[in-house]
S.K.: 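Can you read through this structure? Questions will come right after.
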Amino acid sequence: MNLFADIRALTLDAIDGLVRDGALPEGLDVANVTVEPPRDAAHGDMATNAAMVLAKPAGRKPRDIAEALAARLAADPRIRTAEIAGPGFLNLRLAPAIWQDVVGAVLAAGTAFGRSGLGAGSRVNVEYVSANPTGPLHVGHTRGAVFGDALAALLEFSGHDVTREYVINDGGSQIDTLARSVYLRYLEAHGRDVAFPDGVYPGDYLVPVGVALKEQVGADYVDRPEDVWLAPIRDFATDAMMGLIRADLLRLGVEMDVFFSEKSLYGTGRIEAAIEALRAKGLIYRGTLEPPKGKLPEDWEAREQTLFRSTEYGDDVDRPIQKSDGSWTYFAPDIAYHHDKVERGFDQLINVFGADHGGYVKRMKAAVAALTDGRVPLDIKLTQLVRLTRDGEELKMSKRAGTFVTLADVIEMVGADVTRFVMLTRKNDAPLDFDVSKVLEQSKDNPVYYVQYAHARVMSVLRKAGAAGIDVTDESLRMAELARLDHPAEQALAAKLAEWPRLVEIAARTHEPHRIAFYLYDLASGLHALWNRGHDEPNLRFLQDDPDASRAKIALARAVSIVIAGGLGILGVEPANEMR
RNA sequence: GGGCCCAUAGCUCAGCUGGAUAGAGCAGCCGACUUCUAAUCGGCAGGUCGAGGGUUCGAAUCCUUCUGGGCCCGCCA
């Protein structure tokens, strides 16, 4: 149930009625007619802009349309009053029974309340994390992981068929670097004194990999030339790194459906096939790029390369797909990878990248648009940097020195739930400050605890009520006399619950899971407020002497906890039953 | 030189793809624990929505120019 959608449908019906009566012309575009909660609750429960939107195309004054519309809407039993305000807003107040129905609907649906068929089962591929398999995940990856995972859950909740995917960049030269680094650790495991020159990964996390390699192959690679050991160590090291990464993801509660190996595309003709598909459209050619404007690389010289005409699809320059030695650039297998995703039948692709990949967005979109003739949309979400601090002091990370704050470190310090929630309390395209001491603070300064506390309070009420002999199962609470929820403060909280399905739709449509976190904070605030009003107004307490009144109020509280639990579920956070 | 993102209260940020008097939290001030855990709540104060121009019934939101910050810019992925 989505109350706002219902009332919007009612409004559109009323408009149709006015058209039939000849009060409005036919063929009006109603796409911009909205029904939403008014900014100021004093204006009513819902507001529609219909009269203003239709005024110009209909050639009538907004207030005239509003009056006619108000008369029709007021005839519906759900509508208590319809008032014209401001330039032509129609403010609606709903019958109290509507809010009571919302509570009943939440209890009936459980955490599925707010699920929708918006996606109509369309198949969405969400690619995220996809960190190079050269080391453990660090904080930057964590944000992408949390964001992608919440987005995937959100889309699933909204009726999409979602595949969570990680592409392993195991085909590039960084894997050679990894293999050489592991080789040095392997020699070290054999008691050799080794130096770590520039251009290899110095991190300690490779020490056990070197030891493991020694255990597997003994001294077979010692003092042997690179062409003997490079290829096998590449595979060995990649597997080891993916083992680390999977373990890291597990710590965070992220489970991928598909790990896709980039290397698996090589030698199969699939890269060539994807490029041929573009060539058939006349988008591949030999050419020489203009030198980049501004500061010129010192070793710049013009070279003829194989280029993709990405400018046809909105890119700024055409992009090379082959290096001058004839080998592929990273772009070519990536085109093939996206070609593969399209061929697997996805209706929509979403990639979550770090902000440093911003320059890559246009060419990737161009490639997908070219491959599918614009049929399959690709949305690329960039997550901005995380600035990790402790007591306001920055925890510096340097990948070069091999000292970086890992995902495992962060989880160790604050836990997965806190990490996930906090990282979702910011828009993906805004930088994020993450203070490991502050996020553990147990105060309303800290949104995680604030929301958790609201849930725990409800659980506490249920425990107390249960101890007092009240049946507090959801089945039983559904049968409560919800008509007793007649206080405006209670109806306001129920109204907040009614916004949940609408909010989920907006968040899913815009691919913005952070809206869930902000809504939950808002909902928690509503519960805390009502709770505290109980201090001065005992009739607003959830536990009453009259068991029937009590059950109705507990039903409301329980409905709030259900929506909080459902929302936290989308974010991948466990609701707390008590605070310690 | 070009591209992408960002700029909203002293601070950290929301703001429903164009709606009404722009909202939270923190910090500041005042108030509420014989209660369903005060890890909470109520109130006060705080704004030329970076600047200018444009689009229209209506702009923080869309277009444009500028200013300031972040990321990126052919053989790394």
Side-chain angles (χ1 to χ4, degrees), chain A residues 4 32 34 36-40 43 47 49 52-53 55-56 61-62 85-89 91 130 132 134 169 171-175 177 262 288-295 297 299-303 305 307 315-317 319-320 322-327 329-331 333-334 354-362 382 384-385 425-427 429-431 433 441-447 449-450 452-454 456-458 460-465 499 502-503 505-507 509-510 514-515 518 521-522 525 527-536 538 541-544 553-554 557 578-579:
Chain A
F4 292 87
N32 290 328
T34 61
E36 41 189 34
R39 201 182 284 278
D40 187 344
H43 290 139
N49 62 355
M52 288 179 293
V53 171
K56 197 167 186 183
K61 287 181 188 158
F89 282 101
N91 289 330
S130 298
N132 286 343
T134 55
N169 295 133
S173 60
Q174 85 282 3
I175 300 298
T177 305
E262 179 209 336
T288 308
L289 287 175
E290 293 288 311
K293 300 277 198 283
K295 62 175 193 301
D299 57 346
W300 169 268
E301 52 180 285
R303 285 198 187 88
Q305 295 171 297
L307 301 169
D315 202 356
D316 308 302
V317 291
R319 304 292 179 175
Q322 267 179 329
K323 303 175 192 173
S324 52
D325 67 1
S327 64
T329 65
Y330 173 71
F331 191 32
D334 216 15
D356 54 343
H357 284 62
Y360 199 65
V361 170
K362 282 188 178 179
L382 299 178
Q384 286 291 332
L385 296 177
T425 54
R426 203 106 313 171
K427 282 181 297 203
D429 51 11
D433 284 327
E441 241 170 59
Q442 303 193 344
S443 71
K444 69 173 170 183
D445 202 3
N446 182 349
Y449 282 91
Y450 188 81
Q452 292 282 31
Y453 185 36
R457 274 186 151 172
V458 175
S460 165
V461 167
L462 293 180
R463 283 193 296 270
K464 296 236 174 194
E499 285 181 34
R502 180 172 177 272
L503 183 113
E505 284 200 15
I506 292 168
R509 210 176 54 233
T510 55
H514 76 274
R515 292 176 189 269
F518 281 96
Y521 186 88
D522 215 24
S525 172
L527 182 96
H528 288 312
L530 184 59
W531 180 292
N532 276 77
R533 276 190 73 167
H535 292 174
D536 299 329
R541 294 181 191 174
F542 296 113
L543 296 179
Q544 301 283 322
K553 290 166 193 296
I554 293 169
E578 56 183 333
M579 305 300 280

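Computed over heavy atoms, backbone and side chain alike; hydrogens, waters and symmetry mates excluded. Chain naming here is simple, since letters A, B, ... match the order of the sequence lines and numbering starts at 1 in each.
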S.K.: Is there a donor-acceptor pair closer than 3.5 Å between any side-chain N or O of Glu499(A) and the backbone N or O of Glu36(A)?
M.R.: no
S.K.: So, OP1 or OP2 of A39(B): does either fall under 4.0 Å of a side-chain N or O from Arg457(A)?
M.R.: no
S.K.: Rounding to a whole Å, what distance do you find between Asp433(A):CG and C26(B):P?
M.R.: 18 Å
S.K.: Expected output check: what is the dot-bracket annotation of RNA chain B, where ( ) and [ ] are pairs inside the strand (brackets for crossing ones), | is paired with another strand, and pairs are Watson-Crick or G-U under 3.5 Å?
M.R.: (((((((..((((.....[...)))).(((((.......))))).....(((((..]....))))))))))))....
S.K.: Considering just the side-chain nitrogens and oxygens of Ser460(A), establish if one lies under 4.0 Å of OP1 or OP2 belonging to U37(B).
M.R.: yes
S.K.: What orientation do Tyr330(A) and Tyr360(A) show, parallel under 30°, tilted 30 to 60°, or perpendicular over 60°?
M.R.: tilted
S.K.: Between Lys56(A) and Lys323(A), which residue's closest nucleotide on RNA chain B lies nearer the 5′ terminus?
M.R.: Lys56(A)
S.K.: Using OP1 and OP2 only, check whether a side-chain N or O of Lys427(A) sits under 4.0 Å from G15(B).
M.R.: yes
S.K.: Think Tyr450(A) has a side-chain N or O under 4.0 angstrom from the OP1 or OP2 of C41(B)?
M.R.: yes
S.K.: Would you say Lys362(A) places a side-chain N or O within less than 4.0 Å of OP1 or OP2 belonging to G3(B)?
M.R.: no
S.K.: Go through A24(B), C71(B), U37(B) for me and flag the one nearest to the Glu578(A) side chain.
M.R.: U37(B)
S.K.: Any heavy-atom pair between the side chains of Lys464(A) and Leu462(A) that's under 4.5 Å?
M.R.: no
S.K.: Mind checking Gly358(A) for me? I need base, sugar-phosphate or nothing, with any heavy atom below 4.0 Å counting as a touch.
M.R.: nothing
S.K.: Can you tell me the distance, in whole Å, between the NE2 atom of His514(A) and the P atom of A24(B)?
M.R.: 18 Å
S.K.: Heavy atoms only, 4.0 Å cut-off, all strands: where does Ala529(A) land among base, sugar-phosphate and nothing?
M.R.: sugar-phosphate
S.K.: Check nucleotides 32-35 of chain B against the protein and report each pair of N or O atoms closer than 3.5 Å, with its distance, or say if there are none.
M.R.:
unit_1: U35(B); atom_1: O2; unit_2: His535(A); atom_2: NE2; d: 3.0
unit_1: U35(B); atom_1: N3; unit_2: His535(A); atom_2: NE2; d: 3.0

S.K.: What contact category does Leu289(A) fall into here, base, sugar-phosphate, or nothing, at under 4.0 angstrom with non-hydrogen atoms?
M.R.: nothing
S.K.: Could you pick out which residue, Ala47(A) or Ser173(A), lies toward the 5' side of RNA chain B when each is mapped onto its nearest nucleotide?
M.R.: Ala47(A)
S.K.: Drop me the distance from Glu578(A)'s CD to Arg463(A)'s CZ, to the nearest 0.5 angstrom.
M.R.: 5.5 Å
S.K.: Expressed as a whole number of Å, how far does the P atom of C13(B) sit from that of A60(B)?
M.R.: 22 Å
S.K.: Determine the interatomic distance between C1' on G23(B) and the same-named atom on U61(B); round to the nearest Å.
M.R.: 15 Å
S.K.: Might you point out which heavy atoms bring Leu543(A) and Ala465(A) nearest each other, and give the distance in Å?
M.R.: CD2-CB, 3.7 Å
S.K.: Write down the distance separating the P atoms in G54(B) and A59(B), rounded off to the nearest Å.
M.R.: 13 Å
S.K.: Taking the C1' atom of each, how far is C66(B) from U56(B), in whole Å?
M.R.: 24 Å
S.K.: Is the shortest side-chain N/O distance from Tyr360(A) to OP1 or OP2 of G3(B) below 4.0 Å?
M.R.: no
S.K.: Using only atom types and a distance under 3.5 Å, with no angle test, would you say the side chain of Asn32(A) pairs donor to acceptor with the backbone of Asn49(A)?
M.R.: no
S.K.: Among C41(B), C5(B), U17(B), find the nucleotide with the atom closest to the side chain of Arg509(A).
M.R.: U17(B)
S.K.: With a cut-off of less than 4.0 Å, is there a side-chain N or O of Arg515(A) near OP1 or OP2 of G15(B)?
M.R.: yes
S.K.: From C-beta outward on Arg502(A), which listed nucleotide comes closest to its side chain: A77(B), C16(B), U37(B)?
M.R.: C16(B)
S.K.: When syn is taken as a glycosidic angle within 90 degrees of 0, is C66(B) syn or anti?
M.R.: anti
S.K.: Of the options A38(B), G74(B), C36(B), whose atoms approach the side-chain atoms of Gln305(A) most closely?
M.R.: G74(B)
